[in-house]
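Here is the structure we will look at, set down as C-alpha cells.
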There are 2 protein chains.
Amino acid sequence: MHNYQALFDYVQKLSGKTLSADDQQVFITHFKPKKIRRRQYFLQEGDVCKYTGFIVKGAAKTFTVDEKGHDHILKLSVENWWLADFESFYKLTPSRFNIEALEDMEILQITHSLVEEFIKPIPAFSAMQNVLSQNYTIAAQKRMQSSISQTGEERFQELVNDYPHFIQRFPQNLIASYLGLTPETLSRIRKNSLK
Amino acid sequence: MHNYQALFDYVQKLSGKTLSADDQQVFITHFKPKKIRRRQYFLQEGDVCKYTGFIVKGAAKTFTVDEKGHDHILKLSVENWWLADFESFYKLTPSRFNIEALEDMEILQITHSLVEEFIKPIPAFSAMQNVLSQNYTIAAQKRMQSSISQTGEERFQELVNDYPHFIQRFPQNLIASYLGLTPETLSRIRKNSLK
DNA sequence: AAATACACTTGATAAAGATCAATTTATTTT
DNA sequence: AAAATAAATTGATCTTTATCAAGTGTATTT
C-alpha cells in the first residue's frame, strides 16, 4: 500500500485547489511507486533524467564531481520535494548531475510525457507548478545573493535559521559541500562561532 | 511611437504561438511605455515592486547594499529581459533589492493584477511564462553550481563564454560584483590569464 | 568482537581573495 | 578644453578558505 496521500496533500496545499476522486485516480495510474535504497543512484551524470520523483520518504543529494574528484552538493532534497535535474528532464539532454539516495527512499515517479499528457491538464497540478516555480525562483535568488555577498560563516548561520532540520538530519561534511566549503572549514567555523 | 513589436516578437518566439491582432491590442492597452534615465531607480530597497517591465532598450542592475556600504550585483538585465524583484512583485512584500538603470532605458511596464486579469489569459503569454520559468530555473542552477564549485577565474571564463556581450557592454567593476569578486581581484585575474 | 569505513577535529602551510592606499587612464560633465 | 567623476591598475598587507596530514571517535559490516 503506497502513500499517495502525501502527494495529494502537497498538490492541494500548494495549489489551493481540491483534487476530485477522478483526479486522484489519474495520479495513481501514472505515478509509479519506487523504492531507492541508501547509496543507490536516481540519476547518473551523462544519463538523461527520464523521471521526476515526488519524495514520500527519505532524502537525496544532487551533486557534481569535479576534475579532482571532489563532490559539490547543489541540492539536498527531503520529503515533499521533487527529485530531478530539470534541465535534463525538460530538454531530454544528458545530465551534468548525479542524484543519490542518502537514506532509503520511497518515491512516486513519472516521465515527462505522461506529465504533459495526463497530469498537467489537472488544474490543481498546473496551479501547483506555477506556485512551485515562483518558489524556486525566489529561493534560487536568495541563495545566489548569499553566495556572492556573504562569508561562509554567514551562509552557515542563514542555513541554520532557514532549514534547521537539515543541520539535524545530514552529516556536517554534506552541509559543508552544500555551502561551498570544505568540511575542515565548516568545522572551524562552528568552533569559532560557539564563543 | 513605442516599440511593442519587440515584446510581441519575444512572446511569440518563446511560446511558439501567434498573437492575434486582438491579443496585441490587449498588450498595448495594459503595458505602459516608460523611459528610465541612466542612474534612475526602477525599484528601491524597502519598496514593493509594483511593476514588472519588459526592456525594449537599455540595461539595468539588480543589487543589494551590505552593512559596509558595498554593492553586490545579483543580476544584469538587457533588452528582452523582464525587470522586477519577483518575490516582491508576486507577494507584494517590501523588496530587499535595488534596480537601477545603467543606460537610458525604454520599458513596457505593467502591474501584477493587470497581468493576472488581462494578460495571463492569453495562451501565448502563459506558454511564454512556462518556458521562461524553466529557463530561469536552469540558469539559476548553473550559476549556483559555478558559485560553489569554481574559482573566480573559472567563473569569469564561463561568463566570457556564455555572455560575451556582457563583457563588452558593462564596466569591469560591475562584472566583478556580479561574479562575487572585488574589482581589484578581477583586474588581477585578467592580467594573469593573458599569459 | 574485530575490522573497516566514515565523520569530525586539529595543526601546519599554501592559495585565493579582500582591503587599503596610491596612481593612471577613461569618461562625463560643465 | 578644462574640470570633475568614474574606472582600472598596481603594490603591500591581511583575512578567509583550501589543502595535506595525522589523530580520534563513531557507526557499520563481517
Side-chain angles (χ1 to χ4, degrees), chain A residues 37-40 59 61 63-73 76 100-104 146-160 166-195, chain B residues 37-40 58-61 63-73 76 100-105 145-160 166-195:
Chain A
R37 304 209 36 214
R38 185 168 141 82
R39 302 247 158 85
Q40 202 182 331
K61 62 175 177 180
F63 66 103
T64 51
V65 183
D66 67 21
E67 331 73 60
K68 290 176 194 155
H70 296 150
D71 285 13
H72 299 280
I73 296 182
L76 291 168
E100 183 191 331
L102 295 171
E103 306 166 0
D104 292 350
S146 303
S147 187
I148 62 169
S149 64
Q150 295 188 301
T151 63
E153 177 158 9
E154 291 166 326
R155 298 201 303 279
F156 175 67
Q157 277 311 328
E158 199 166 272
L159 186 69
V160 170
F166 274 29
I167 312 291
Q168 309 302 319
R169 188 162 184 174
F170 300 116
Q172 201 169 297
N173 59 341
L174 298 189
I175 300 287
S177 177
Y178 178 83
L179 292 171
L181 299 169
T182 59
E184 293 93 334
T185 297
L186 183 54
S187 173
R188 290 179 177 114
I189 282 172
R190 292 191 56 212
K191 189 179 170 191
N192 290 333
S193 66
L194 287 182
K195 291 182 301 205
Chain B
R37 305 209 35 214
R38 185 167 141 82
R39 304 247 156 83
Q40 201 182 332
K61 61 176 177 180
F63 66 103
T64 50
V65 183
D66 67 21
E67 332 72 59
K68 291 177 193 154
H70 296 150
D71 285 13
H72 299 281
I73 296 182
L76 291 168
E100 183 190 329
L102 295 171
E103 306 166 359
D104 293 349
M105 288 207 296
Q145 195 219 331
S146 303
S147 187
I148 62 170
S149 63
Q150 296 187 300
T151 63
E153 177 158 9
E154 291 166 327
R155 298 202 302 280
F156 175 68
Q157 277 311 327
E158 199 166 271
L159 186 69
V160 170
F166 274 29
I167 311 291
Q168 309 301 318
R169 188 162 181 175
F170 300 117
Q172 200 169 298
N173 59 341
L174 299 189
I175 301 287
S177 177
Y178 178 83
L179 292 171
L181 299 170
T182 59
E184 292 94 335
T185 298
L186 183 54
S187 174
R188 291 181 176 111
I189 282 171
R190 293 192 55 213
K191 189 179 170 190
N192 290 333
S193 67
L194 286 181
K195 290 183 300 205

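Below, chains carry the letters A, B, ... as their sequence lines are ordered, and counting in each starts from 1.
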Please determine whether a side-chain nitrogen or oxygen atom of A:Thr185 lies at a distance below 4.0 Å from atom OP1 or OP2 of D:dT17. no
Looking at A:Lys68, does any N or O in its side chain come under 4.0 Å of the phosphate oxygens OP1/OP2 on D:dT19? yes
[atom1] of [X] versus [atom2] of [N]: gap in Å, rounded?
X: A:Asn192; N: D:dT17; atom1: CG; atom2: C1'; result: 12 Å
X: B:Ile148; N: D:dA18; atom1: CD1; atom2: P; result: 12 Å
X: B:Glu154; N: C:dG17; atom1: CD; atom2: C1'; result: 14 Å
X: A:Glu67; N: D:dA18; atom1: CD; atom2: P; result: 15 Å
X: A:Gln150; N: D:dT16; atom1: CD; atom2: C1'; result: 15 Å
X: A:Ile189; N: C:dT10; atom1: CD1; atom2: P; result: 14 Å
X: B:Arg190; N: D:dT10; atom1: CZ; atom2: P; result: 11 Å
X: A:Leu186; N: C:dT10; atom1: CG; atom2: C1'; result: 15 Å

When you get a sec, tell me which of D:dT10, D:dT19, C:dT10 is the closest nucleotide to the side chain of A:Lys191? C:dT10
Specify the residues of residues 167-180 of chain A, ordered by number, for which at least one heavy atom lies under 4.0 angstrom from an atom of DNA chain C. A:Pro171, A:Gln172, A:Asn173
Within the 4.0 Å heavy-atom criterion, would you say B:Thr182 contacts the bases, only the backbone, or no part of the nucleic acid? base
Which is true for A:Leu181 with a 4.0 Å heavy-atom rule: it touches a base, it touches only sugar-phosphate, or it touches nothing? sugar-phosphate
Taking the side chain as C-beta and beyond, is there a heavy-atom pair between A:Asp66 and A:His72 under 4.5 Å? yes
Are any non-hydrogen side-chain atoms of A:Thr64 and B:Gln145 less than 4.5 angstrom apart? yes
[atom2] on [Y] to [atom1] on [X], rounded to 0.5 Å:
X: B:Lys68; Y: A:Ser149; atom1: NZ; atom2: OG; result: 11.0 Å
X: A:Asn192; Y: A:Glu153; atom1: CG; atom2: CD; result: 7.0 Å
X: A:Arg190; Y: A:Gln157; atom1: CZ; atom2: CD; result: 10.0 Å

For residues 174-189 of chain B, which residue pairs qualify under salt bridge (charged side-chain N to carboxylate O under 4.0 Å, His left out), counting only residues two or more places apart or in two chains? none
Could you note down all residue pairs passing salt bridge (charged side-chain N to carboxylate O under 4.0 Å, His left out) where residues 167-178 of chain A supplies at least one of them, sequence neighbours left out? A:Glu79-A:Arg169, A:Glu103-A:Arg169
B:Asp104: which residues meet the salt bridge (Lys or Arg N to Asp or Glu O under 4.0 Å) condition with it, sequence neighbours left out? none
Among all residues two or more places apart in sequence or in another chain, which pass the side-chain hydrogen bond (donor to acceptor under 3.5 Å, both in side chains) test with A:Glu158? A:Ser146
Residue list, ring-ring contact (aromatic ring centres under 6.0 Å, His included) with B:Phe156, at least two apart or on another chain: none
Using a cut-off of 4.0 Å between protein heavy atoms and nucleotide atoms, how would you tag nucleotides 23-30 of chain C 5' to 3' with B, S and -? --------
Between the protein and nucleotides 20-27 of chain D, list every N/O to N/O distance that falls short of 3.5 Å.
{"unit_1": "D:dC20", "atom_1": "N4", "unit_2": "A:Glu184", "atom_2": "OE2", "d": "3.3"}

Between B:Ser147 and B:Arg155, the two heavy atoms sitting closest are CA-CD, 4.0 Å
Please table the atom pairs, donor to acceptor, closer than 3.5 Å between any side-chain atom in residues 173-182 of chain A and protein atoms at least two apart or in another chain.
{"unit_1": "A:Ser177", "atom_1": "OG", "unit_2": "A:Ile73", "atom_2": "N", "d": "2.8"}
{"unit_1": "A:Thr182", "atom_1": "OG1", "unit_2": "A:Thr185", "atom_2": "N", "d": "3.3"}
{"unit_1": "A:Thr182", "atom_1": "OG1", "unit_2": "A:Thr185", "atom_2": "OG1", "d": "2.9"}

Can you pull out how bent the helix from C:dA1-D:dT30 to C:dT30-D:dA1 is, comparing the axes over its first five and last five pairs, to 10°? 50°
Taking side-chain contact (heavy atoms from CB on, under 4.5 Å) as the test, write out the residues that go with B:Glu154, two or more places apart. B:Gln150, B:Thr151
Could you list the residues that satisfy side-chain contact (heavy atoms from CB on, under 4.5 Å) with A:Ser187, not counting sequence neighbours? A:Gln172
